[in-house]
Amino acid sequence: MSNPFENGSSKGSILSFGELLLRICPDAGGEWLHENQLPFFVGGAELNVATALALWGLPSAYFTALPDNALSTQILDYLQDKNVDTAPVYMGGDRIGLYYLTRGKDIKNNALIYDRANSAFAGLKPRQVDWDKVLNGVSWFHFSAICPAISQDVADVCVEVLEAASARNITISVDLNYRARLWQYGKQPIDVMPQLVKYADLIMGNIWAAERMLDIPVEPNVTESGQKSIYLKEAQKSSEAIIAQFPKCKAVANTFRFDAGEGINYYTALYDGDKLHSSKQYDTDKVVDKVGSGDCFMAGLIYGFYSKLSPLETLEFATSAAYQKLFIEGDATNKTVQQITNAIKL
Ligand SMILES: Nc1ncnc2c1ncn2[C@@H]1O[C@H](COP(=O)(O)OP(=O)(O)OP(=O)(O)O)[C@@H](O)[C@H]1O
Ligand SMILES: O=C(O)C(=O)C[C@H](O)[C@H](O)CO
């Protein structure tokens with residue numbers, strides 16, 4: 001089948017919507033206290049998508065909220081230098097959110113500490129932003145499950161912007177990235193996500209996130225089997241069920257990233273409404289930084305569909321991009337389209 005987004009609007013900009021966070025990286029032994037050095041990276045799941053797309057030459061714009069101060073001005077200049085259009089950014093609120101992540105660890109364990117309460121983005125309220133202005137010239141809108149996990153107000157803002165984007169026939173993508181430390185405001189993902197996902201044309205995540213957020217069941221013994229063919233069958237079932245439940249959705253992508261000692265086994269699948277495509281498998285016995293690999297996969301999907309690649313070409317590009325991110329320190333990729341394409345397994 002050809003690209004399911006072929007007839008969609010294109011050639012406008014791709015707007016990524018979400019919270020910018022600074023990642024602060026203490027070492028496990030506390031040496032940072034003696035050295036007076038605390039490395040950091042500019043992060044945020046949706047920003048990682050925006051910077052990847054800009055690096056790959058697409059018209060990439062970013063919406064977040066930042067306090068109106070000198071630090072924000074420096075960050076915006078830095079993003080503009082990376083060719084991210086920051087004109088949509090809302091200036092107001094009190095602070096920039098932070099997350100602390102012990103060097104060399106991933107966000108799944110106790111190495112993660114969020115310090116993002118009362119951030120400018122968390123303070124957004126419905127009817128505060130002029131979405132007509134923000135969405136002007138946009139043909140693709142990207143958000144993730146991190147935004148509605150922050151607060152009821154931000155979840156309401158998500159509904160507002162998705163309605164506005166949908167009314168303008170903008171293609172919408174969502175990453176079902178589950179962050180267990182969020183969702184602290186009395187709602188579970190399942191109470192909120194279906195109302196947002198119904199606007200999406202492209203849904204990315206993994207079968208377990210779809211179960212948790214959309215109530216799409218996963219066979220209980222699938223994890224015990226550990227078999228790729230069984231996981232891929234489950235990906236097909238899950239994708240078909242998602243499309244049946246959310247008829248606007250044209251394609252569903254799933255990642256399979258399994259820890260193997262210090263390394264990782266990685267492959268992905270894309271269901272285009274007709275057929276399940278699966279990627280080559282990538283294995284490594286060492287990784288540098290897992291953060292943002294999923295964001296890089298998401299950016300690769302948007303890149304491929306926006307550039308009218310076929311579903312399989314899109315999947316292989318996105319998978320190679322995500323795999324290479326595992327060897328890059330920081331939240332975002334620095335690999336070019338050429339480097340990613342050259343590294344696709346044959
Ligand atoms: N409940 C689960 N059981 C087994 N494996 C899981 C489960 N949830 C996730 N995984 C595996 O872990 C991988 C990474 O999941 P995770 O939710 O961290 O992705 P992510 O948020 O996209 O990562 P990133 O930090 O790169 O953006 C998935 O691709 C999947 O293979
Ligand atoms: O966890 C969050 O809210 C982040 O945005 C931090 C990281 O950038 C993100 O988890 C990477 O996918």
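Numbering of ligands and ligand atoms starts at 1, following listing order. These numbers were taken from a predicted model, which means no experiment stands behind them.
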Engineer: With atoms numbered from 1 as shown, which atoms in ligand 1 lie under 4.0 angstrom from a non-hydrogen atom of Phe258?
Structural biologist: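 Listed by number with element: 31 (O).
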Engineer: Ala45 to ligand 2: N or O pair under 3.5 Å?
Structural biologist: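 Among all N and O atoms of Ala45, at least one is under 3.5 Å from an N or O of ligand 2.
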Engineer: Where is the nearest protein heavy atom to atom 13 (C) of ligand 1: which residue, which atom, and how far?
Structural biologist: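 The closest heavy atom on the protein side is Arg257 O, 3.5 Å.
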Engineer: Counting only heavy atoms, which portion of Asn48 has something under 4.0 Å from ligand 2: side chain, backbone, both, or neither?
Structural biologist: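 For Asn48, the contact with ligand 2 is made by the side chain alone.
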Engineer: Which bit of Leu47 is near ligand 2, meaning a heavy atom under 4.0 Å away: side chain, backbone, both or neither?
Structural biologist: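 Under 4.0 Å from ligand 2, Leu47 contributes no heavy atoms.
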Engineer: With respect to Gly294, determine whether any N or O atom, backbone or side chain, lies less than 3.5 Å from an N or O atom of ligand 1.
Structural biologist: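 Yes.
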Engineer: Quick one: look up the protein heavy atom nearest atom 19 (O) of ligand 1 and list residue, atom name and how far away it is.
Structural biologist: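 Among all protein heavy atoms, the one nearest atom 19 (O) of ligand 1 is Asn206 ND2, 4.2 Å.
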Engineer: Short list, please: which atoms of ligand 1 are under 4.0 Å from a heavy atom of Phe256?
Structural biologist: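 Near Phe256, meaning under 4.0 Å from one of its heavy atoms, ligand 1 has 29 (O), 31 (O).
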Engineer: Give me the nearest non-hydrogen protein atom to atom 1 (O) of ligand 2 as residue plus atom name, then the distance to 0.1 Å.
Structural biologist: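 For atom 1 (O) of ligand 2, the nearest protein heavy atom is Tyr114 OH, 2.5 Å.
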Engineer: Which one of Lys290, Arg179, Arg181 has a non-hydrogen atom at the shortest distance from atom 9 (C) of ligand 2?
Structural biologist: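 Selected option, by shortest heavy-atom distance: Arg179.
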Engineer: Among all protein non-hydrogen atoms, which one is nearest to atom 4 (C) of ligand 2, and what is the separation to 0.1 Å?
Structural biologist: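 Sorting protein heavy atoms by distance from atom 4 (C) of ligand 2 puts Leu21 CD1, 3.6 Å first.
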Engineer: For ligand 1, find out whether one of its N or O atoms is nearer than 3.5 Å to an N or O atom of Thr223.
Structural biologist: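 In fact, backbone or side chain, Thr223 has no N or O that close.
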Engineer: Side chain, backbone, both or neither: which part of Arg179 has a heavy atom under 4.0 Å from ligand 1?
Structural biologist: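 Under 4.0 Å from ligand 1, Arg179 contributes side-chain atoms alone.
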Engineer: Counting only heavy atoms, which portion of Arg116 has something under 4.0 Å from ligand 2: side chain, backbone, both, or neither?
Structural biologist: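 The part of Arg116 near ligand 2 is the side chain, not the backbone.
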Engineer: Does the N or O separation between Asn177 and ligand 1 drop below 3.5 Å for any pair?
Structural biologist: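 N/O-N/O distance below 3.5 Å does not exist for this pair.
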Engineer: Regarding ligand 2, does Asp331 bring an N or O atom to under 3.5 Å of one of the ligand's N or O atoms?
Structural biologist: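 Indeed, backbone or side chain, Asp331 has an N or O that close.
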Engineer: Which atoms of ligand 2 are found less than 4.0 Å from any heavy atom of Tyr99?
Structural biologist: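 Close to Tyr99: 6 (C), 7 (C), 8 (O).
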Engineer: Measure the distance from atom 8 (O) of ligand 2 to every protein heavy atom, then report the residue, atom name and distance (to 0.1 Å) of the closest one.
Structural biologist: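 I find the closest protein heavy atom is Gly44 N, 3.1 Å.
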Engineer: Would you mind running through ligand 1 and noting each atom that sits below 4.0 Å from a heavy atom of Lys290?
Structural biologist: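 That gives atoms 26 (O) of ligand 1.
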Engineer: Using 30° and 60° as the class boundaries, would you call the ring planes of Phe17 and Phe121 parallel, tilted or perpendicular?
Structural biologist: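 Taking Phe121 first and then Phe17, their aromatic rings stand perpendicular (interplane angle over 60°).
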